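Take a look at the structure below.
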Amino acid sequence: MAMESPEFCSDSQNGESAFSDVPLAPEPLVYAVMAACRQDPSPLKLNLGIGVYRTEEGKPFVLNVVRRAEELLVNDLSRDKEYLPITGIPEFNELSSKLILGVESSPAIKENRVTTVQCVAGCGSLRVGAEFLAKHYHQKSVYIPEPTYSNHPNFFSSVGLVVKTYRYYDLATHGLDLQGLLEDLSSAPAGSIVLLQACGHNPTGVDPTIQEWEQIRQLIRSNGLLPFFDSAYQGLVSGNLDADAQSVRLFVADGGESLIAQSYSKNIGLYGERVGALIIVCKTAEVAINVESQLKLVIRPMYSNPPIHGASIVTAILKDREMYNEWTSELKKMKERLVNIRQKLVNSLHDKGKSVNLGTPGDWSHIMRQVGMYSLSGLNQDQIAFMTKEYHIYMSSDG
């Protein structure tokens with residue numbers, strides 16, 4: 001005897017979506033700026049809203065050494081597209097940890113106290129690290145600089161960690177608020193996680209000196225805080241890969257534990273390839289083994305294993321002395337051009353070498369004191385809106 005199928009009625013059959021209650025979310029600021037610029041038909045438009053290195057013509061820039069590496073990979077017929085291990089390309093992980101921690105100067109590497117996993121760019125490295133801490137670390141508070149990269153709070157709040165801030169930028173001097181930083185971290189509960197940017201601070205362009213880093217290190221270690229470095233610009237600040245890693249190496253040299261999120265988006269220009277690594281320096285080799293086992297369990301349900309192509313480019317460059325030297329040479333040129341652009345801007349604002357007085361008020365020398373790809377200009381929302389409307393210059397509304 002045939003049974004009647006039960007009548008089923010979904011919201012969609014009634015003309016309503018199952019997601020009717022989902023509110024419209026605001027677009028992340030930097031992407032909203034990008035979208036507005038993209039829709040502007042003006043040939044003079046300028047997008048300063050996202051941190052990417054461009055040519056003089058404002059076009060995307062691909063390093064020559066990247067093209068060489070890709071050509072080698074394409075012509076290597078032994079390569080395949082099989083799944084990687086959960087932790088990624090082993091050689092990539094080894095070379096990446098040596099790049100940031102140092103080869104000869106890192107006892108942590110020699111003592112096998114370092115675990116490294118390939119991740120989906122710097123963002124993926126931060127997200128994997130945050131989830132690992134949420135699951136396996138006793139303290140649930142993370143202190144981030146004020147201001148900082150706009151996505152930083154999201155990595156930690158999305159896994160249930162409590163995000164707090166510490167003072168970083170001094171508006172009066174356009175420099176580091178070292179006293180405020182030390183005071184805020186001094187009052188952080190023991191064990192708190194502290195997010196630090198290794199160099200080229202986003203968005204201020206203000207980095208501590210090596211002496212100031214030492215003061216920060218001493219406070220963090222004496223108060224039992226856990227440093228989590230975001231290293232996205234190694235080589236682009238000074239033009240020297242080792243110099244730009246000094247802050248991280250200070251913390252590793254003292255034998256304490258640290259986390260480092262590493263990105264190759266900026267310094268090798270592999271933005272869309274999403275290449276990065278999470279490096280965790282542990283107290284012992286046994287702890288490092290245990291930590292890696294748990295990182296695999298974080299990655300497995302998230303994206304299972306990382307993409308192969310971008311990491312293969314990085315591996316090819318890092319392991320070949322000639323290509324590595326070519327990369328460092330290109331990095332120096334990129335750094336020098338960034339400095340030159342800063343100088344040209346300051347000269348224009350200060351009316352140096354120009355026949356027409358621009359009448360720009362204020363002292364803009366902080367643009368030259370700031371480093372890397374970013375500058376906190378000091379311009380307000382109304383001034384930026386004016387530049388966008390009148391001159392098609394697009395940038396974050398916070399300056």
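As the structure is a prediction and not an experimental result, all values here were calculated from the model.
No side-chain N or O of Thr315 forms a donor-acceptor pair with one of Glu91 less than 3.5 Å apart. Between Ser396 and Asp398, the side chains place a donor N or O and an acceptor N or O closer than 3.5 Å (distance only, hydrogens not considered).
Between Asn325 and Arg321, some side-chain heavy-atom pair lies under the 4.5 Å cut-off. Between Asp244 and Tyr233, the closest side-chain pair of non-hydrogen atoms is not below 4.5 Å.
For the atom pair OG (Ser312) and CG (Leu73), the distance works out to 5.5 Å, reported to the nearest 0.5 Å. Here the straight-line distance linking atom OG of Ser397 with atom CG of Asn380 works out to 10.5 Å at 0.5 Å rounding. Note: His366 NE2 to Leu171 CG = 10.0 Å, rounded to the nearest 0.5 Å.
Judged purely by atom type and a 3.5 angstrom limit, Glu146 has no side-chain atom pairing as donor or acceptor with the backbone of Arg167. In this structure a side-chain-to-backbone donor-acceptor pair under 3.5 Å is present from Lys45 to Cys37. Using a distance-only test at 3.5 Å, with no hydrogens or angles considered, no donor-acceptor pair links the side chain of Tyr394 to the main chain of Ala35. Side-chain atoms of Asn340 never come within 3.5 Å of backbone atoms of Glu336 as a donor-acceptor pair (strictly under, hydrogens ignored).
Listed here is the closest heavy atom pair of Arg221 and Glu257: NH1-O, 2.9 Å.
Relative orientation of the His201 and Tyr168 rings is parallel, given thresholds of 30° and 60° on the angle between their planes. Relative ring orientation between Phe251 and Phe229 is described as perpendicular, the plane-to-plane angle rising above 60° on a 0-90° scale split at 30° and 60°.
Checking Ile279, Val128, Leu133, Val281 one by one against Leu259, the side chain to side chain contact (heavy atoms under 4.5 Å, CB included) holds for a single residue, Leu133.
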Practice problem: Mind running side chain to side chain contact (heavy atoms under 4.5 Å, CB included) on Tyr149 and Tyr374 for me, showing each step along the way? | Solution: CA-CA 11 Å; Tyr149 168 46; Tyr374 301 94; over 6 Å; no
